Amino acid sequence: MQEILKLEEINFKTNLNINDVIKIVEMYIREKEETYEIDKKNILYDIKSYVTNEPVWYVDVIPLKVKEIWPEAYSSLAISDREGRLVYVQNDHGVVIEKF
């Protein structure tokens with residue numbers, strides 16, 4: 001069974017803390033040539049990702065120029081809690097569009 005938790009529902013020790021996760025997200029968006037917004041209010045923790053079979057953090061990001069036209073067109077960055085790195089990106093439909 002897949003279990004995805006909101007940040008406030010995590011009642012156990014994780015390898016990464018929220019600041020570590022945000023730093024990884026910021027490194028990813030720094031490499032892009034446009035300005036992004038990070039949705040820090042809806043960070044999720046997936047106990048067993050269907051892609052990696054390990055725990056991942058999900059953080060939604062969206063380019064500001066896209067948000068003006070299509071505010072739901074966010075991407076979800078999946079950060080491995082075990083490895084401490086970005087492992088894949090999903091589009092707003094949950095389809096993996098990039099793997100690392």
Side-chain angles (χ1 to χ4, degrees):
M1 173 173 60
Q2 183 175 0
E3 190 168 357
I4 299 177
L5 305 170
K6 294 179 181 178
L7 195 56
E8 61 272 7
E9 296 173 326
I10 300 172
N11 59 4
F12 51 87
K13 184 163 175 38
T14 60
N15 186 46
L16 299 175
N17 64 43
I18 192 62
N19 293 327
D20 298 329
V21 172
I22 295 300
K23 284 180 188 175
I24 294 166
V25 170
E26 288 173 342
M27 286 186 335
Y28 171 81
I29 61 176
R30 235 187 328 265
E31 294 174 0
K32 304 297 178 187
E33 294 184 6
E34 53 193 314
T35 306
Y36 277 75
E37 177 181 293
I38 302 171
D39 184 356
K40 295 181 182 177
K41 293 179 271 178
N42 293 311
I43 296 173
L44 302 173
Y45 186 83
D46 189 346
I47 291 176
K48 188 174 181 185
S49 161
Y50 75 98
V51 176
T52 63
N53 290 319
E54 67 178 67
V56 297
W57 295 87
Y58 292 120
V59 181
D60 292 343
V61 297
I62 188 169
L64 292 182
K65 70 179 182 182
V66 172
K67 185 177 180 182
E68 293 174 10
I69 301 163
W70 189 7
E72 298 85 24
Y74 61 87
S75 294
S76 187
L77 306 183
I79 312 296
S80 169
D81 189 49
R82 186 174 56 86
E83 297 180 31
R85 67 178 184 87
L86 178 62
V87 287
Y88 61 94
V89 179
Q90 298 180 127
N91 65 15
D92 57 327
H93 298 289
V95 176
V96 175
I97 56 173
E98 195 172 4
K99 283 184 87 174
F100 302 93

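Side-chain atoms are counted along with the backbone in the values below, which use heavy atoms only and exclude waters and symmetry mates. It should be emphasised that the depicted structure is a prediction, and the values quoted were computed from it without experimental measurement.
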Find out if a path of hydrophobic residues (ILVMFWY) with successive side-chain heavy-atom gaps under 4.5 Å connects Tyr28 to Val51. no
Main chain of Gly84, side chain of Asp81: is a donor-acceptor contact present, judged purely on distance under 3.5 Å? no
Closest non-hydrogen atom pair, Asn15 against Arg82: ND2-O, 3.4 Å
Reported CD1-to-CG distance for the pair Ile43 and Leu77, which is rounded to 0.5 angstrom: 10.5 Å
So which of Val66, Ile62, Ile29 actually passes side chain to side chain contact (heavy atoms under 4.5 Å, CB included) with Glu37? Ile62
Hydrophobic cluster membership, Val25 vs Ile97, 4.5 Å side-chain cutoff: yes
May I ask you to test the Gln90-Val95 pair for a side-chain heavy-atom distance under 4.5 Å? no
So, Ser76 versus Asp60: side-chain donor-acceptor pair below 3.5 Å or not? yes
Tyr36 reachable from Met27 in the ILVMFWY side-chain graph, under 4.5 Å edges: no
Salt bridge between Arg85 and Glu83, side-chain N to carboxylate O under 4.0 Å? yes
Quick check: is Tyr58 connected to Val61 through a chain of hydrophobic side chains (ILVMFWY, heavy atoms under 4.5 Å apart)? no
Would you call Leu44 and Lys6 a side-chain contact if the rule is heavy atoms closer than 4.5 Å? yes
When you compare the side chain of Leu7 with that of Ile10, does any pair of heavy atoms fall below 4.5 Å? yes
Shared hydrophobic cluster, Val59 / Phe100 (ILVMFWY, side-chain heavy atoms < 4.5 Å): yes
So, do Asp92 and Trp70 sit near enough that their side-chain heavy atoms are less than 4.5 Å apart? yes
Less than 4.5 Å apart, any side-chain heavy atom of Thr14 and any of Trp57? yes
Atom CG in Leu86, atom CD in Glu98: separation rounded to 0.5 Å? 7.5 Å
Could you tell me if the side chain of Val56 sits less than 4.5 Å from the side chain of Tyr50, heavy atoms only? no
Shortest non-hydrogen separation from Glu26 to Ile38 and the atoms involved: CG-CD1, 3.9 Å
Nearest heavy-atom approach of Ile4 to Glu9 is O-OE1, 4.3 Å
Can Ser49 and Tyr88 be counted as having a side-chain donor-acceptor contact under 3.5 angstrom? yes
Are side-chain N/O atoms of Asp39 and Tyr74 paired as donor and acceptor at under 3.5 Å? no
Check: Leu16 and Tyr45 side chains under 4.5 Å, non-hydrogen atoms: no
